[in-house]
Protein chains: 2
Amino acid sequence: MNTLEKITTNLDSFSKSERKVAEVIIASPQTAIHSSIAALAKLADVSEPTVNRFCRRLDTKGFPDFKLHLAQSLANGTPYVNRNVDEDDGPEAYTNKIFETAMASLESAKNSLDTAAVNRAVDLLTQANKISFFGLGASASVAQDAMNKFFRFNLPVSYFDDVVMMRMSCIVATEEDVIVLISHTGRTKSMIDIAHLAKQNDSTVIGITAKDSPLAKECNLVLSMEVPEDTDVFMPMASRIAQMTLIDVLATGFTLRRGLKFRENLKRVKQSLIESRVDR
Amino acid sequence: MNTLEKITTNLDSFSKSERKVAEVIIASPQTAIHSSIAALAKLADVSEPTVNRFCRRLDTKGFPDFKLHLAQSLANGTPYVNRNVDEDDGPEAYTNKIFETAMASLESAKNSLDTAAVNRAVDLLTQANKISFFGLGASASVAQDAMNKFFRFNLPVSYFDDVVMMRMSCIVATEEDVIVLISHTGRTKSMIDIAHLAKQNDSTVIGITAKDSPLAKECNLVLSMEVPEDTDVFMPMASRIAQMTLIDVLATGFTLRRGLKFRENLKRVKQSLIESRVDR
DNA sequence: CAATTTTTTGAAAAAATACTACATTTTTGT
DNA sequence: ACAAAAATGTAGTATTTTTTCAAAAAATTG
């Protein structure tokens, strides 16, 4: 918990003098972090050791350490927490909240991602003869994005957002093929069927999906991320951003693995796009 | 500017010894804020006054004050600094860098977004009879994502990633239609043509694109965001994430504008998806 | 309600830490 | 190669924080 919150919450557990210190700090945290222990003690009308004891009570090493913690809690202009959109938020408010929620999701996705699994996924992808990305509904755009990225690697890539096409694609798949299934919940029936079908042909199935979900169980390799729940009435937003970033990670791992010469090729692809643009 | 960024940026302006200090701090800012000036000096293999001078050069009052500033810059999640992927980064390193870059992009996109323009965009969208999202190449997935979101609003929505279809769609467009064009650079010739075509039918054209770009000039309303350059050889990553988040913002603004009853409908759409899932 | 124990508090000394002045070294320009 | 300027370090000084310990206040008990 944020240090300033902690002070407010535990206000009751302090002694009389310590509470004076707490109140002075709450009144003006900015003053507090720029004062010496002596100045703060004077402000609160207590002795210096009291201030020091107050700091220790908040699980800090001492006064300087306490100032550090307090400074950090002030720095988080808006803590990424509990930023759900309200009924009566204006454009400014909901814009900020949504961007901040997205950032918080990425943070938590990053921390929960297993980099060893990422590495194995890159292994599998670099060895693939052909790569397919499948996603339905909201995950379709992620699959499309993935195709767009891997397409530049001059590799057979395909993407489908249609169950029939996925099926057909799986039937002709070989053991040299890698199929990447994208599903936030991991509980979409048709996706589970697809995974099953793909494995019957010994294709490699990588799932970007929820841990321990039915779909995850069907995959050869699972990449899962903890993304704070989309608690609102609206629609899944956070998860797609995290998935897209994961695709970026895979694509980057892929190019790094392929080495320098390979990246020269990429430059050429990028160059070729310039011709479709107007001059500056 | 964030203190840690400042150190990275001004690395060249430091003297030899001061750079040693800077490097030690960049290598482990957490260690830095928990060390005394003596400990840090030893780590950097310089004298204490050098560390002190280094702090002053960064416009702080001295070492303790510097630690405060550094602590604050660390508090904002992760040091979003110069996190370009290196040739010899391992999976752990490049995963973190990419996620952090994405977060930094969102932060900067958020700060550069004009919320008044967002509000006007929401106005236009709520009044539209029909909404189309167009995007080519990398922006296609964003357009698809947008369609997926707005589709739930029980509205005529379409999305195309194909110039011919876009053209056809524009020709039959009316003045009650809103067309959202997504292009990172704003310099893709065919998109500019499309915008022109749409305006001939008095359709409303909203551009999610670069400020002052040729495409921006053709639009009735432009939503632009400053996203740190994709400096690497690879592909555009940051911009798409920002665009997607912007779509989330628009969708949210849309639902808020439509009021409570409308959101009840959304719940039903969400509910209907559950039937396609396996039980927990 | 007084006696005893426990807790809280602050003065002062001790320790740790940061800063200043100045000397020395290194770099830069001629 | 020399002088001037800049950078760096040594050593002493000042500041700040922490510890110690004794007094005061509050709580507990007979």
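In what follows, every chain begins at residue 1, and chains take the letters A, B, ... in the order their sequences are listed.
- Proximity of residues 16-24 of chain A to DNA chain C (heavy atom under 4.0 angstrom from any strand atom) is restricted to A:Lys16, A:Ser17.
- Within the structure, a side-chain polar atom (N or O) of A:Ser15 is placed less than 4.0 Å from OP1 or OP2 of C:dT9.
- For the pair B:Arg56 CZ and C:dT20 C1', the interatomic distance rounds to 9 Å; values are reported in whole Å.
- Taking atom CG of residue B:Asp65 and atom P of nucleotide D:dT15, one finds them 17 Å apart after rounding to whole Å.
- Formation of a donor-acceptor pair under 3.5 Å by the B:Thr115 side chain with backbone atoms of A:Glu92 is not found in this model.
- The main-chain N or O of A:Glu226 is never found under 3.5 Å from a side-chain atom of A:Lys211 such that the two would form a donor-acceptor pair.
- Distances shorter than 4.0 Å separate some side-chain N or O of A:Thr50 from OP1 or OP2 on C:dG10.
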Worksheet entry | Intermediate values then yes/no, side chain to side chain contact (heavy atoms under 4.5 Å, CB included), B:Val122 and A:Tyr94 | CA-CA 12 Å; B:Val122 172; A:Tyr94 65 73; 3.6 Å; yes
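- Side-chain atoms of B:Phe66 and B:Thr3, non-hydrogen and from C-beta on, do get closer than 4.5 Å to each other.
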Response to the item:
For nucleotides 12-18 of chain C, 5' to 3', base contacts (B), sugar-phosphate-only contacts (S) and non-contacts (-) with protein non-hydrogen atoms under 4.0 Å give -----SS
Item to complete: Dump the intermediate steps for side chain to side chain contact (heavy atoms under 4.5 Å, CB included) on A:Met225 and A:Gln243, then the final yes or no.
Response: CA-CA 8 Å; A:Met225 298 180 285; A:Gln243 287 168 353; 4.3 Å; yes
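- The neighbour count for A:Gln127 CD, taken as heavy atoms of other residues, nucleotides or ligands under 6.0 Å away, is above 12.
- Taking atom NZ on A:Lys42 and atom C1' on C:dA11, their separation rounds to 15 Å, with Å as the unit.
- B:Phe14 has its CZ atom 16 Å from the C1' atom of D:dT8, to the nearest Å.
- B:Val51 comes within 4.0 angstrom of nothing in the nucleic acid, heavy atoms only.
- Other residues, nucleotides and ligands place no more than 12 heavy atoms under 6.0 Å from the CZ atom of A:Phe151.
- Taking atom CZ on B:Arg57 and atom P on D:dA6, their separation rounds to 11 Å, with Å as the unit.
- With a 6.0 Å radius and a threshold of 12 heavy atoms from other residues, nucleotides or ligands, B:Lys217 has its NZ atom above the threshold.
- Rounded to a whole Å, the NZ atom of A:Lys61 is 14 Å from the P atom of D:dT17.
- More than 12 heavy atoms of other shown residues, nucleotides or ligands fall within 6.0 angstrom of atom NZ in A:Lys6.
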